[in-house]
Amino acid sequence: MDNNHPKLKIHYHSLLGSKSNNIALIIFLFLTVTVILSLFIWSPPYFSIFQTQQIIQCSNPSNSTTGFEMTPKINIEDELELALAKASMGNKTVIIVVINRAYAEQDLKGDTTMLDIFLDSFWLGGEETRKLRDHLLIVAVDQTAYDRCQFLRLNCFRLETDGVDFRGEKLFMSQEFIKMMWRRTLFLLDVLKRGYSFVFTDMDVMWLRNPFERLSKNETEDLQISTDMFFGDPWNKNHLINTGFYYIRSNNRTIALFDKWYSMKDNSTGLKEQDVLLGLIRGGIIDQLGLRVRFLDTKYFSGFCQDSKDFKAVTTVHANCCRSITAKVTDLRTVLKDWKRYKKIMSYKRFANNVNVTQTFKWTGHWGCWSSWKVGNNKTSN
């Protein structure tokens, strides 16, 4: 074909256009490509958001195609795992306390709560106890307690209770009290099964010193549990145990113990879980499961049933042998006043190593708790 034909030349030049137009078109295309590349190179956040959304949508096919539901829902089990991991020390150990509204909310006549007093003890205990606050897991059995926990920026977990109302005060040995104690036991069994060791503490336990400094570090000891009365031998199985404070390691033996313990719930009408565990210990469960159980000395892990007489050694103080929250709050505030008075005196160098001074310190009488037993058993409180 002859390209020099006049008609072909006209058609050819009409397709290419003028030389100046071609240069303009090339420049336009070059600038367009440059701008697009610049967006990706110099604006990584936009690309990252786009890329992240695509990854989430691919890994979570249940999400809607609109792209708004980017975060998968977390079930209750996952929430517990997250809460435990957040509060855990390096060796998968946490400090667990259970709370309801009665312990978290002030009544009309009160100017503080059991939760406030509990947290105050960590502050007054000094640096060694203050740092332990980060490892507290507050287990709330109602929404009010959970909201209060979150407001204080603590590590919180909301424990569902299957329609059972655990909000109000549960007087010692009432049916509601017994139900709450068994629900607590089941929850703690779940924690053990997840591989977490823990110190369980009632909220009416004041942490005046770091208990990990007094607890045995021997990993062959499965359970270290507080006592109402200490008889001198930490291996004596006849001690009166108190489940308001204990340290337990997660292993097959302790899981078997809690499994057996909780299985007794329906055959133990009228008994609190502490009594059932005491019965198992007296019945030989320790030897049957090959457990090593240390019973804690009240000199260090004190309580209202048997006060520690050594202010230089006392680590925790439990408002046991007490029936109502009002009485516990009254007497525990007095405990903290006694402790502040002791620390103030010990801050003076001339008294710091004076044995005679420390021996003169005594706890103020627990008058509120002693009087609480005069209240009729049928009285309830909310």
Side-chain angles (χ1 to χ4, degrees), residues 84 87 89 91-99 118 121 132 135-139 180-194 196-231 233-251 253-262 264 272-282 285-286 289 291-306 308 314-321:
L84 289 167
M89 303 175 194
N91 58 353
K92 290 193 73 173
T93 298
V94 295
I95 304 166
I96 297 177
V97 61
V98 175
I99 183 175
F118 177 69
S121 75
L132 294 177
H135 302 295
L136 271 174
L137 178 60
I138 309 293
V139 180
M180 190 161 65
M181 294 303 100
W182 281 116
R183 181 65 186 92
R184 183 179 83 180
T185 304
L186 179 61
F187 170 78
L188 295 174
L189 170 59
D190 188 11
V191 174
L192 286 177
K193 288 182 176 179
R194 291 169 180 269
Y196 287 89
S197 304
F198 59 84
V199 168
F200 178 81
T201 176
D202 278 345
M203 192 158 285
D204 58 352
V205 176
M206 301 294 96
W207 287 49
L208 305 180
R209 290 188 172 97
N210 184 350
F212 290 100
E213 298 299 320
R214 289 293 182 185
L215 293 167
S216 172
K217 297 176 177 59
N218 188 338
E219 295 185 1
T220 66
E221 295 181 21
D222 303 295
L223 173 64
Q224 300 176 60
I225 189 166
S226 63
T227 58
D228 286 340
M229 304 288 290
F230 185 70
F231 302 144
D233 178 4
W235 308 106
N236 185 341
K237 300 179 181 67
N238 292 319
H239 279 102
L240 299 174
I241 63 168
N242 193 300
T243 54
F245 183 93
Y246 60 88
Y247 174 41
I248 188 165
R249 298 181 187 275
S250 174
N251 56 45
R253 295 182 298 277
T254 56
I255 291 172
L257 173 64
F258 268 61
D259 265 326
K260 178 62 177 178
W261 185 13
Y262 187 74
M264 304 282 289
K272 61 182 182 296
E273 66 2 301
Q274 178 176 290
D275 296 332
V276 174
L277 179 59
L278 179 61
L280 287 172
I281 292 173
R282 298 281 174 83
I285 193 72
I286 291 177
L289 296 178
L291 291 160
R292 279 178 59 81
V293 178
R294 178 187 292 271
F295 301 93
L296 299 174
D297 190 342
T298 53
K299 175 181 178 180
Y300 307 106
F301 300 92
S302 180
F304 290 178
C305 299
Q306 187 180 50
S308 171
V314 66
T315 301
T316 61
V317 177
H318 186 189
N320 51 8
C321 291

[X] [atom1] to [Y] [atom2] distance, which is reported to the nearest 0.5 Å:
X    : Y    : atom1 : atom2 : value
R249 : R292 : CZ    : CZ    : 11.0 Å
D190 : F258 : CG    : CZ    : 12.0 Å
T298 : N320 : OG1   : CG    : 9.5 Å
L257 : L280 : CG    : CG    : 7.0 Å
N242 : Q306 : CG    : CD    : 12.0 Å
I281 : I286 : CD1   : CD1   : 5.0 Å

Within the structure provided, determine whether [X] and [Y] are in side-chain contact (heavy-atom separation under 4.5 Å).
X    : Y    : answer
I99  : I138 : yes
R184 : L188 : yes
I255 : L189 : yes
V191 : L84  : yes
V199 : Y246 : no
M206 : T316 : no
K193 : D259 : yes
I95  : L137 : no

Search all heavy atoms of [X] against all heavy atoms of [Y] and return the closest pair with its distance.
X    : Y    : value
V276 : W261 : CG1-CD1, 3.9 Å
T93  : N91  : OG1-OD1, 3.0 Å
C305 : M229 : O-SD, 3.9 Å
H239 : R282 : O-NH2, 3.5 Å
F231 : N238 : CE1-O, 3.4 Å

*Output all residues satisfying side-chain hydrogen bond (donor to acceptor under 3.5 Å, both in side chains) with T201, sequence neighbours left out; order by chain, then residue number.*
W207
*Say whether S216 and N218, considering side chains only, have a donor N or O and an acceptor N or O under 3.5 Å apart.*
no
*State which residue, out of I225, L215, V205, fulfils the side-chain contact (heavy atoms from CB on, under 4.5 Å) condition with F301.*
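Answer after filtering I225, L215, V205: L215.
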_Please evaluate residues W235 and F295 with respect to the criterion side chain to side chain contact (heavy atoms under 4.5 Å, CB included), reporting the C-alpha separation (whole Å), side-chain torsions for both, the decisive distance (0.1 Å), and the verdict._
CA-CA 6 Å; W235 308 106; F295 301 93; 5.7 Å; no
*Given side chain to side chain contact (heavy atoms under 4.5 Å, CB included), test D204 with F118 step by step and report yes or no.*
CA-CA 7 Å; D204 58 352; F118 177 69; over 6 Å; no
_Derivation and outcome, side chain to side chain contact (heavy atoms under 4.5 Å, CB included), residues H318 and D202_ = CA-CA 8 Å; H318 186 189; D202 278 345; 3.7 Å; yes
*asked:* Taking K272 first and then D275, would you say they form a salt bridge - that is, a charged N and a carboxylate O separated by under 4.0 Å?
replied: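 Salt bridge present between K272 and D275.
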*asked:* Ring-plane angle category for Y247 and F212, please: parallel below 30°, perpendicular beyond 60°, tilted otherwise.
replied: perpendicular
*Run the numbers on I285 and K260 for side chain to side chain contact (heavy atoms under 4.5 Å, CB included), then give the verdict.*
CA-CA 9 Å; I285 193 72; K260 178 62 177 178; 4.1 Å; yes
Side-chain ([X]) to main-chain ([Y]) donor-acceptor, under 3.5 angstrom:
X    : Y    : answer
S250 : S197 : no
Q224 : R294 : no
S226 : F245 : yes
S302 : V317 : no

*asked:* Test of understanding: with salt bridge (Lys or Arg N to Asp or Glu O under 4.0 Å), list the residues that count as partners of R253, not counting sequence neighbours.
replied: D222
*Answer yes or no: does atom NZ of K92 have more than 12 heavy-atom neighbours from other residues, nucleotides or ligands under 6.0 Å?*
yes
